[in-house]
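Quick caveat: nothing in here was measured; it's all calculated off a predicted structure.
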Amino acid sequence: MALRSYGACVLCQKLSVVRMIYRGVSEAAHPQPQVDFLKGQIHRKHPGVTNLKTLRLPEELQMAARSIIRGAQVNRLTERAQSLTNFLWSRKRAVDSPTLRKKAVSLERQLWEKAMEKRGDVDEQALADRIRARVFSELRKSTYHWTPMKYDEELGVVYMAARMAGCYAAVRRAMNEIKKRDPSFAPHSLLDFGSGLGTVVWASHSYWGDTLKEMVCVDSSGPMNILAERLLKGDDEQAEPHIKHVYFRQFLPVSPKVQFDLVVTAFTLSELPSAKEREDVVLTLWRKTSSYLVLVENGTKEGHQMLMEARDTLLTKQEQTLHDTRAASVFAPCPHEAMCPKLAVEHVTPCNFRQLYQPLPQPGNSDQAVESFSYLILTRTGPAEAETEDVNWARLIAPVQRRTRHVHCRMCCPDGQLQHLVVTARKHSRDIYRCARSSDWGDQVPIIPEVDDVDDNIQTDSE
């Protein structure tokens with residue numbers, strides 16, 4: 001028995017030596033490209049990593065929110081907060097009149113064709129009336145009934161309990177893309193359209209509090225503006241606001257020449273009643289942007305498609321009067337400016353991302369929650385260039401699946417295509433492999449030409 005064990009050990013040692021010799025020969029024959037894309041960073045902090053750890057509301061904001069909620073004493077707050085969350089998550093775009101008319105004409109034509117197949121001695125006027133009634137009935141059943149949200153103080157408090165922490169997490173994550181990839185950006189002015197409770201102000205202050213000197217919050221709801229101001233003052237009317245130079249308005253600045261370094265609209269496009277209004281608002285916000293425009297919506301099909309509408313509008317439509325001639329280019333998350341490949345497939349899935357956060361401490365809330373969101377950042381400073389020469393960066397659009405000696409990465413690539421890439425150290429270099437293994441959904445990963453391996457029959461663990 002001992003001799004047999006000794007023989008097995010000797011065999012294993014010989015195989016290890018042979019494997020090392022073979023690997024050295026293989027690497028000598030097929031040298032891997034050496035590109036310094038790490039910029040001196042360790043692999044788990046490579047330049048493409050933009051994900052954040054679990055986010056928590058600033059202490060001052062959380063204390064103020066809890067004070068306001070306690071003072072409001074809203075009945076059935078937990079139940080109403082969950083109901084509002086579900087309603088906002090399932091919210092869809094309003095159906096435009098031309099779309100509704102087209103749908104009605106198509107349905108009426110189908111019903112007439114069926115009626116003609118069974119035609120006998122019938123009163124055509126009575127048949128037309130029945131078909132018209134059937135069309136109206138079917139449209140009422142199948143058409144989303146969009147209604148505007150009107151926030152009074154009580155509903156504003158419910159919204160605070162339901163959505164404030166999640167909105168803050170999504171905006172912080174989107175802004176981190178700018179902070180990480182453009183560290184020299186130091187905005188002096190901010191415009192937040194559809195500001196609600198002012199979470200954009202708190203999120204931007206966490207990154208650029210030292211440089212921001214003017215923050216304009218625009219929301220048509222007076223009660224929401226009052227709540228946002230109370231949050232800034234810690235629910236104490238006599239106190240100084242925690243963040244200074246914040247101004248609340250119910251309408252956008254009139255002058256088309258007034259621009260802001262950073263313009264943000266979060267979870268607001270879905271509150272506009274038509275595609276025409278969304279287009280007009282996006283164009284107006286772009287006119288007021290001098291550096292970056294950030295759009296954030298729910299991570300649903302509707303949210304993603306509204307952002308793609310905005311993207312197409314700003315990339316393809318030219319305004320007649322231009323006060324700033326610099327064209328729009330996509331900064332994030334898309335690594336290209338072609339049509340979104342997720343919209344080109346038969347079964348459309350949204351391009352969304354996730355951020356962990358701690359909800360407000362309320363009855364029924366867990367210690368940790370996940371915010372699913374979609375975002376779009378456009379810039380006037382030119383297309384987002386590669387971080388390093390000879391390296392293309394792709395966006396991870398799904399969780400990375402880590403396996404033994406290889407990882408599965410599903411990416412949106414700079415050529416506008418979706419790709420499922422199996423990354424190994426042998427084929428893609430040790431640095432690329434370790435970066436991919438350290439990355440996650442929403443990060444960027446470096447892509448360099450694959451090295452052909454002389455041994456294509458490497459055994460790996462199956463999925």
Peer 1: Locate the shortest heavy-atom distance separating Phe267 from Glu371; write the atom from each residue and the value.
Peer 2: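 Minimum heavy-atom contact is CZ-OE2, 3.8 Å.
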Peer 1: Search all heavy atoms of Ala436 against all heavy atoms of Val407 and return the closest pair with its distance.
Peer 2: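 Closest heavy-atom pair between Ala436 and Val407: CB-CG2, 3.8 Å.
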Peer 1: I'd like to know if the side chain of Glu297 reaches the main chain of Thr268, judged simply by a donor and an acceptor atom lying under 3.5 Å from each other, with no hydrogens or angles considered.
Peer 2: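 Judged by distance alone, yes, a pair lies under 3.5 Å.
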Peer 1: Considering the options His43, Arg434, His46, Gln444, which one meets the side chain to side chain donor-acceptor pair (under 3.5 Å) requirement together with Ser439?
Peer 2: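 Only match with Ser439 under side chain to side chain donor-acceptor pair (under 3.5 Å): His46.
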Peer 1: Hey, does Asp443 have a side-chain heavy atom less than 4.5 Å from the side chain of Val400?
Peer 2: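 Heavy-atom side-chain distance check fails, nothing below 4.5 Å.
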Peer 1: Closer than 4.0 angstrom, basic N to acidic O: yes or no for Glu337 and Arg311?
Peer 2: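 Between Arg311 and Glu337 there is no salt bridge, as every charged N stays at least 4.0 Å from the carboxylate O atoms.
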Peer 1: Scan side-chain atoms only and decide if Arg405 and Tyr433 contain a donor-acceptor pair under the 3.5 Å cut-off.
Peer 2: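 Judged by distance alone, the side chains do not pair up.
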Peer 1: Does the side chain of Arg93 pick up a donor-acceptor pair with the side chain of Gln305 at under 3.5 Å?
Peer 2: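 Short answer, yes.
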Peer 1: Please answer whether the main-chain N or O of Arg403 pairs with a side-chain N or O of Arg437 as donor and acceptor at a distance below 3.5 Å.
Peer 2: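 Answer holds: yes.
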Peer 1: Are Glu214 and His245 packed together at the side-chain level, in the sense that at least one heavy-atom pair is separated by less than 4.5 angstrom?
Peer 2: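 Not touching, per the 4.5 Å side-chain cut-off.
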Peer 1: Are Ser270 and Arg278 close enough that a side-chain donor and a side-chain acceptor fall under 3.5 Å?
Peer 2: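 Looking only at side-chain atoms, Arg278 and Ser270 do not form any donor-acceptor pair under 3.5 Å.
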Peer 1: Regarding Lys233 and Glu237, does a basic nitrogen lie under 4.0 Å from an acidic carboxylate oxygen?
Peer 2: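 Between Glu237 and Lys233 there is no salt bridge, as every charged N stays at least 4.0 Å from the carboxylate O atoms.
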Peer 1: Classify the side-chain pair Gln82/Asn86 by whether it contains a donor and acceptor separated by less than 3.5 Å.
Peer 2: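 A pair is found: one side chain offers a donor N or O, the other an acceptor, under 3.5 Å apart.
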Peer 1: Checking Thr284 against Arg287: is there a side-chain donor and acceptor pair closer than 3.5 Å?
Peer 2: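 Arg287 vs Thr284: donor-acceptor pair found between side chains.
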Peer 1: Report yes if the side chains of Met175 and Ser206 come closer than 4.5 Å at any heavy-atom pair, otherwise no.
Peer 2: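 Side-chain contact under 4.5 Å: no.
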Peer 1: Does either side chain, that of Ser374 or that of Asn352, offer a donor lying less than 3.5 Å from an acceptor on the other one?
Peer 2: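 There is no such pair (donor and acceptor under 3.5 Å, judged by atom type) between the side chains of Ser374 and Asn352.
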Peer 1: Find out whether Leu360 and Gln62 are in side-chain contact, i.e. whether some heavy atom of one side chain is under 4.5 Å from a heavy atom of the other.
Peer 2: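 Yes, side chains in contact.
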Peer 1: Asp182 and Tyr292: side-chain donor and acceptor closer than 3.5 Å?
Peer 2: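 Note: Asp182 and Tyr292 side chains meet the donor-acceptor criterion.
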Peer 1: Once the angle between the rings of His406 and His408 is folded into 0 to 90°, is it parallel (under 30°), tilted (30 to 60°) or perpendicular (over 60°)?
Peer 2: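 Correct class here is perpendicular.
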Peer 1: Is the Phe185 ring parallel, tilted or perpendicular to the Trp208 ring (thresholds 30°, 60°)?
Peer 2: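 Rings of Phe185 and Trp208: perpendicular, as their planes differ by over 60°.
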Peer 1: Do Thr313 side-chain atoms and Glu309 backbone N/O form a donor-acceptor pair below 3.5 Å?
Peer 2: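 Looks like yes, one N/O pair under 3.5 Å.
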